Structures are given as structure tokens and as C-alpha cells.
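Quick note: residue numbers are just sequence positions, from 1. Please read all numbers here as calculations on a predicted model, not as lab measurements.
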Amino acid sequence: MSTGVIIVLIVIVAAVLVVAAVLALRARGPQHGGSLKRRFGPEYDRAVVRHDGDTKAAERELSERVRRHGSLHTRPLEPAERERFEARWTAAQERFVDSPREAVGEADRLLAELAGARGYPDGAQYEEQLAALSVHHAHHVDGYRRVHRVTHAHAQAQTHTAGADSGGAETAAASDTEELREALVAARALFEQLVRPGRHDDGRPGTGARVAPAPAPAAASGPASAPGSTPASTPASEPAARAPHGWSLGKRRPKES
């Protein structure tokens, strides 16, 4: 056999191997190894931890999520829907100052309803809804998981602190409030992703919950000054109501000036 024929055979065998490798990679698709890690980001790491470091088991779980929800088509919100969701989120943030747990519970319900309105599985199927959201919003879905977890841990937390002394109860309450605050802040990112206009929506950039402007201060009333006299000083009026800060969740109410 001539050298030329041998070279041709080698080239043919190499080409066959390359084609086979390409077909194998296509068969695996975006649901394998490094592609899964790039797609899911922090969710990939959480899945590995949940499976005690077994990356194969974690990748099987994530691949199954992609199989079930990867082709899901969401629908954009109507402008009126978006405004209602934004108003409810702003109200939940305002409520946090006085009732942090109730505010986080409202955020949990709101995210479930918002995801359902966008076309994800219904909020009554929490695990399935979370799985679908993780496929399309992997970098933000943990905020929803956190508010859901702390909301449904309420009864357990109350039982745990029921017999604590006053000092221990105060420390536990402060720690609990901080956990709630962090959960609500984390959930905000997913809310913004879900509520903002889509590619085929009305074209306005998503800005998260909008805040209404503060009302104008009322004109000071009082008796008119006599001609030529020095105007009487009036008591300082109450400061105009401030618009709530869009996304800031202070740990305590600011002092009135």
C-alpha cells in the first residue's frame, strides 16, 4: 500500500472521529457539564452541595429541570398589571419597618403571583415554580427561596423563642429581623427581573417599583400681620411626607427632623 493511500485513510478516519465527537456533543446539548455550570451559576453549586458533592447527580437534576422548563414561553405583563405589582412591592417595603415578618410574607406571595402571571407554573406548586424560575433566572431565584423559607419558618421560630429570657429574646428578635431584611433585599432582584418589560413589551425600561412623589406641603395658615409690623414667626410646620426610598430597607425608622 502506497504512502498516499495510507495518508488518505488516516484523514478519513480522523474526519469520522471528529464528526462522531461533534454529534456526541450535540446529543448532550446545553444540559451537560460546563454548559450546565455556566447556565445555572450559583444554582449549580447549590445542587452539588444538596447532593453531597456528587456532581453527576446534581447535573442530572439540573438537566431534568431544563428538559421540563427550558422551552417555557413567558408572557409580558400589561402596563396596568405591572403597576399593580410594583405598588404592592413598594407597600411591602414600607410595611417592613413596623411588621418585617408580614412584609416578607407578602413578598413571598407577591413573587408567586407575579411568576404565575408571567407564565411560570402556578404558585401553589412552589417546588415546580422554583425549578422553572431557576432555569430562566438562575442568578436571582435564591431570593425567592429565602423569603419562602423564612416565611414558613415562622411557627418554628416562635416556638424556639417562647421560653427565652428577655435578653435572649431581644437578641433573637434582632437576628431574626436582620435575616428577614436580607431575604427581602435578595428577593428584590428576582422581582425586578420578572416585573420589567420584556423584549416585546411597551418598550419602557424596567425600573422596579416606582415611588410616588411626596405631596406638596400645605400652606401655613395664621393671622395676617398688621401693616408696618414685623411678621410674626410661625411655628415650624411638620416636614412634608417623604416618599419612601425605593429599595432601601433601613434597620430602624429614621428620626424626624
Side-chain angles (χ1 to χ4, degrees), residues 26 28-47 50 58-93 103-152 182-211 246-247:
R26 286 184 177 180
R28 291 173 177 178
Q31 306 176 22
H32 184 75
S35 295
L36 275 174
K37 192 167 187 176
R38 286 190 297 272
R39 176 169 193 161
F40 281 95
E43 278 294 294
Y44 181 95
D45 297 331
R46 292 185 191 100
R50 189 164 54 253
E59 288 171 3
R60 283 195 297 270
E61 177 192 330
L62 297 176
S63 296
E64 178 61 19
R65 291 191 206 176
V66 174
R67 186 191 67 79
R68 294 200 314 269
H69 305 295
S71 60
L72 183 148
H73 295 288
T74 59
R75 74 169 187 86
L77 297 173
E78 296 293 334
E81 285 182 297
R82 183 180 305 113
E83 290 173 2
R84 285 195 297 271
F85 281 118
E86 289 172 343
R88 287 177 61 189
W89 186 270
T90 300
Q93 290 188 142
V104 172
E106 171 62 12
D108 179 37
R109 292 187 294 273
L110 181 55
L111 284 172
E113 293 176 28
L114 175 56
R118 290 298 310 274
Y120 291 92
D122 186 79
Q125 311 170 56
Y126 167 72
E127 293 295 343
E128 197 68 9
Q129 186 183 66
L130 190 72
L133 287 167
S134 74
V135 172
H136 299 276
H137 299 280
H139 288 78
H140 304 297
V141 71
D142 194 51
Y144 181 24
R145 183 184 287 117
R146 290 175 67 177
V147 294
H148 189 82
R149 182 173 60 241
V150 298
T151 296
H152 291 269
E182 291 174 354
L184 187 55
V185 170
R188 181 189 72 203
L190 179 62
F191 176 83
E192 289 177 329
Q193 288 282 311
L194 293 175
V195 82
R196 70 184 183 183
R199 183 179 303 171
H200 303 295
D201 211 329
D202 59 9
R204 293 180 299 164
T207 57
R210 291 191 293 274
V211 177
W247 296 122

Work out which heavy atom in [X] is nearest to a heavy atom in [Y]; give both atom names and the distance.
| X | Y | answer |
| --- | --- | --- |
| Gly116 | Gln129 | N-NE2, 3.7 Å |
| Ala92 | Ala103 | O-CB, 3.2 Å |
| Leu130 | Val141 | CD1-CG2, 3.5 Å |
| Gly123 | Ala112 | CA-CB, 4.0 Å |
| Ala138 | Phe40 | CB-O, 3.4 Å |
| Pro121 | Ala132 | CD-CB, 3.6 Å |

Side-chain donor-acceptor pair present, Arg38, Ser35, cut-off under 3.5 Å
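Distance-only check passes for Arg38 and Ser35.
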Can you find a side-chain donor-acceptor pair between His152 and Tyr126 that sits under 3.5 Å?
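No, because no side-chain N or O of His152 sits under 3.5 Å from a partner of the opposite role on Tyr126.
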Charged N-O contact under 4.0 Å between Glu81 and Arg75:
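Yes, charged N to carboxylate O under 4.0 Å.
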Could you check whether Glu61 pairs with Arg46 (Lys NZ or Arg NE/NH1/NH2 to Asp/Glu carboxylate O, under 4.0 Å)?
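Salt bridge flag = no for Arg46 with Glu61.
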Determine whether a donor-acceptor pair (N or O, by modelled atom type, separation under 3.5 Å) exists between the side chain of [X] and the backbone of [Y].
| X | Y | value |
| --- | --- | --- |
| Arg65 | Val135 | no |
| Ser134 | Ala131 | yes |
| His136 | His69 | yes |

With the side chain counted from C-beta on, respond yes when [X] and [Y] share a heavy-atom pair under 4.5 Å apart, and no when they do not.
| X | Y | answer |
| --- | --- | --- |
| Tyr144 | His137 | no |
| Leu184 | Phe191 | no |
| Val195 | Arg118 | no |
| Arg60 | Glu64 | no |
| Arg88 | Phe85 | yes |

Hey, could you give me the [atom1]/[atom2] distance between [X] and [Y], rounded to the nearest 0.5 Å?
| X | Y | atom1 | atom2 | value |
| --- | --- | --- | --- | --- |
| Leu62 | Arg39 | CG | CZ | 10.0 Å |
| Arg196 | Glu86 | CZ | CD | 12.5 Å |
| Asp142 | Leu133 | CG | CG | 12.0 Å |
| Glu113 | Asp108 | CD | CG | 10.0 Å |
| Gln125 | Tyr120 | CD | OH | 15.0 Å |
| Leu111 | Glu106 | CG | CD | 9.5 Å |

For Ala183, what residues pass the side-chain contact (heavy atoms from CB on, under 4.5 Å) criterion, not counting sequence neighbours?
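Ala183 satisfies side-chain contact (heavy atoms from CB on, under 4.5 Å) with Arg146, Val147, Val150 only.
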Among His139, Lys37, Arg145, whose side-chain hydrogen bond (donor to acceptor under 3.5 Å, both in side chains) with Glu43 holds?
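Between Glu43 and the candidates, side-chain hydrogen bond (donor to acceptor under 3.5 Å, both in side chains) is satisfied uniquely by Arg145.
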Determine whether Leu190 and Leu114 satisfy the following criterion, side-chain contact (heavy atoms from CB on, under 4.5 Å), listing intermediate values before the conclusion.
CA-CA 10 Å; Leu190 179 62; Leu114 175 56; over 6 Å; no
Once salt bridge (Lys or Arg N to Asp or Glu O under 4.0 Å) is applied, what residue pairs with a partner in residues 127-136 remain, sequence neighbours excluded?
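Matches after skipping sequence neighbours: Arg68-Glu128.
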